[in-house]
Amino acid sequence: MPDAEPLYNVRERTGEPDHTSVDDVVALVVERAQNPRDDHEDAHLDRAMATIIDTHGTESVRTVIHRVLVDNEPFRTATNGLEMRNVDGVRIGTMASWFLEELNARDDR
């Protein structure tokens, strides 16, 4: 991908109104944490996010998601200053990038 291309197609990064916003990604992360997809292969990650949100709060999770998707911070270091383990940043960043892709695919239909 050329350097001029955004790493993540998120509205706050690209300026494209058709791209999903960080708030939409956060909302889906929280919704899936509250209602894990028991019949899905990634249900364990939904439950892991529920634990992270219960432990650190939605605002900290939102901060990590913004840092990853908009500021292009690595998953492991996006937790700096949040009293959160680096592995939680990996989990949050992974889920956020997957959900962003899912939401943008929905909008493409």
Side-chain angles (χ1 to χ4, degrees):
M1 180 181 311
D3 289 339
E5 293 286 325
L7 181 59
Y8 294 106
N9 288 331
V10 64
R11 186 178 308 151
E12 291 82 352
R13 186 174 173 86
T14 65
E16 285 288 326
D18 291 338
H19 289 157
T20 300
S21 73
V22 169
D23 290 336
D24 295 334
V25 175
V26 172
L28 185 55
V29 167
V30 170
E31 192 275 323
R32 294 264 171 88
Q34 292 172 342
N35 303 296
R37 302 163 291 170
D38 293 326
D39 60 339
H40 194 275
E41 64 185 82
D42 295 326
H44 64 287
L45 294 172
D46 295 346
R47 289 188 293 275
M49 286 306 304
T51 301
I52 291 169
I53 290 170
D54 286 348
T55 303
H56 301 290
T58 304
E59 207 45 48
S60 292
V61 170
R62 185 191 192 295
T63 298
V64 172
I65 290 171
H66 189 275
R67 288 176 180 177
V68 167
L69 297 180
V70 178
D71 300 336
N72 196 30
E73 289 189 29
F75 294 178
R76 288 187 173 280
T77 59
T79 60
N80 284 344
L82 296 174
E83 297 183 24
M84 192 181 287
R85 299 176 308 165
N86 290 347
V87 70
D88 292 335
V90 172
R91 289 182 179 122
I92 294 166
T94 299
M95 297 299 286
S97 61
W98 287 350
F99 291 170
L100 173 63
E101 186 176 317
E102 177 183 330
L103 289 166
N104 278 334
R106 285 182 193 172
D107 292 340
D108 289 342
R109 294 183 201 163

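As the structure is a computational prediction, the values presented were derived from the model and not from experiment.
Rounded to the nearest 0.5 angstrom, I65 CD1 and F75 CZ are separated by 10.5 Å. The CZ atom of R11 sits 6.0 Å away from the CG atom of D24 when rounded to the nearest 0.5 Å. Considering OG1 of T79 and CD of E73, their distance stands at 9.0 Å, rounded to 0.5 Å. A distance of 11.0 Å separates CD1 of I52 from OG of S60, quoted to the nearest 0.5 Å. Summarising the geometry, atom CE belonging to M49 is positioned 12.5 Å from atom NE2 belonging to H44; distances are rounded to the nearest 0.5 Å. The CG atom of D71 sits 10.5 Å away from the OG1 atom of T77 when rounded to the nearest 0.5 Å.
Of the N and O atoms on the side chains of T14 and N9, not one donor lies less than 3.5 Å from an acceptor on the other residue.
The minimum heavy-atom distance between L28 and E102, with the atom names listed, is CD2-OE2, 4.1 Å. The nearest pair of heavy atoms linking A50 to A33 is CB-O, 3.4 Å. Counting all heavy atoms, side chain and backbone alike, E12 lies closest to V22 at OE1-N, 3.0 Å. For the pair H56 and E83, the tightest heavy-atom approach, listed with the atom from each and the gap, is CE1-O, 3.4 Å.
Although no hydrogens or angles enter the test, the distance criterion places a donor-acceptor pair under 3.5 Å between the side chain of N104 and the main chain of T20.
Using a cut-off of 4.0 Å between Lys/Arg side-chain N and Asp/Glu carboxylate O, D88 and R76 are scored as not salt-bridged.
Note: the hydrophobic cluster containing F99 also contains L7 (ILVMFWY, side chain heavy atoms under 4.5 Å, direct or indirect links).
With a 4.5 Å cut-off on side-chain heavy atoms, L82 and R67 count as touching. Within the 4.5 Å cutoff, the side chain of N72 has heavy atoms near those of the R13 side chain. A 4.5 Å side-chain heavy-atom check between V90 and N86 finds every atom pair outside the cut-off. At least one side-chain heavy atom of D38 sits less than 4.5 Å from a side-chain heavy atom of R47. Annotation: side chain of L69 is in contact with side chain of V25 (closest heavy-atom distance under 4.5 Å). Using a 4.5 Å heavy-atom threshold, the side chains of T58 and V30 count as touching.
Here the options are R32, R37, M95, the test is side chain to side chain contact (heavy atoms under 4.5 Å, CB included), and the partner is L45; only M95 passes.
In the displayed structure, E101 atom CD is contacted under 6.0 Å by at most 12 heavy atoms of other residues, nucleotides or ligands.
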Any chance you could lay out the salt bridge (charged side-chain N to carboxylate O under 4.0 Å, His left out) test for D23 and R62, step after step, and finish with the verdict? CA-CA 8 Å; D23 290 336; R62 185 191 192 295; 2.7 Å; yes

